[in-house]
Amino acid sequence: MKHLIMNNFSETELLEVPVPNKTLTYSPISHREIIEGIKEQLDIKGFKIKTSNYKANHEGTKLIGYYGIEHTDSELGIMMAFRNSYNKTMSAGLAIGGQVWIC
């Protein structure tokens, strides 16, 4: 099994990756739609992104992103993770959950 190396990318670099064409059996979701859609919904709900990290393969066609969400609880963090691909190797997905701080 080939190991996939993921590199750090800036948001700007990811938004510039060309989106593949839609076909009869494939409707790509752009990295832009994912990133901007998440940010818009967080803003509507009053959440602010404290930290962000984007990782992608060399071509930028497979994306995994992480957002640390700012809030008032000092013992528990909120982390959001999402994924997307342009090469049909993984579906778009989103997860959110608590992140426990251990001293």
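The analysis underlying the following values was restricted to heavy atoms, covering all of them including side chains, and did not include hydrogens, waters or symmetry mates.
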Go through the structure and list residues passing side chain to side chain contact (heavy atoms under 4.5 Å, CB included) with Lys45, not counting sequence neighbours.
Phe47
Whether Arg83 side chain and Met90 backbone form a donor-acceptor pair below 3.5 Å
no
Minimum side-chain heavy-atom gap Glu11-Tyr54 below 4.5 Å
yes
Heavy-atom closest pair (Leu42 atom, Tyr67 atom, distance to 0.1 Å) is CD1-CD1, 4.4 Å
Between Lys50 and Ile69, is there a side-chain heavy-atom distance shorter than 4.5 Å?
no
So, the side chain of Glu13 versus the backbone of Ser10: is there a donor-acceptor pair under 3.5 Å, distance only?
yes
Going by heavy atoms in the side chains, are Ile49 and Lys39 under 4.5 Å from each other?
yes
Note: Leu14 and Gly60 closest approach over all heavy atoms is CD2-O, 4.4 Å
Is a side-chain donor-acceptor pair under 3.5 Å present for Asn7 with Lys55?
no
Going by ring-ring contact (aromatic ring centres under 6.0 Å, His included), name the residues that satisfy it together with Phe9, two or more places apart in sequence or in a different chain.
none
Please give me the minimum heavy-atom distance between Asn84 and Ile29, naming the atom from each residue.
ND2-O, 2.7 Å
Minimal heavy-atom distance between Pro20 and Pro28, with the atoms involved, is O-CG, 3.2 Å
Other residues, nucleotides and ligands only: do more than 12 of their heavy atoms fall within 6.0 Å of CG on Asn21?
no
Shared ILVMFWY cluster between Met6 and Tyr66, side chains joined below 4.5 angstrom?
yes
Drop me the distance from Asn57's CG to Ile64's CD1, to the nearest 0.5 angstrom.
9.5 Å
Measure the CD-OG1 distance between Glu70 and Thr51 for me, rounded to the nearest 0.5 Å.
10.0 Å
If you look at every heavy atom in Ser85 and Lys62, which pair is closest and at what distance?
CB-CG, 4.0 Å
Please enumerate all residues that pass side chain to side chain contact (heavy atoms under 4.5 Å, CB included) together with Leu94, with sequence neighbours excluded.
Ile38, Met80, Phe82
Nearest heavy-atom contact between Val19 and Ser30 is CG2-CB, 3.6 Å
Looking only at the aromatic ring of each residue, does the gap between the centers of His31 and Tyr86 stay below 6.0 angstrom?
yes
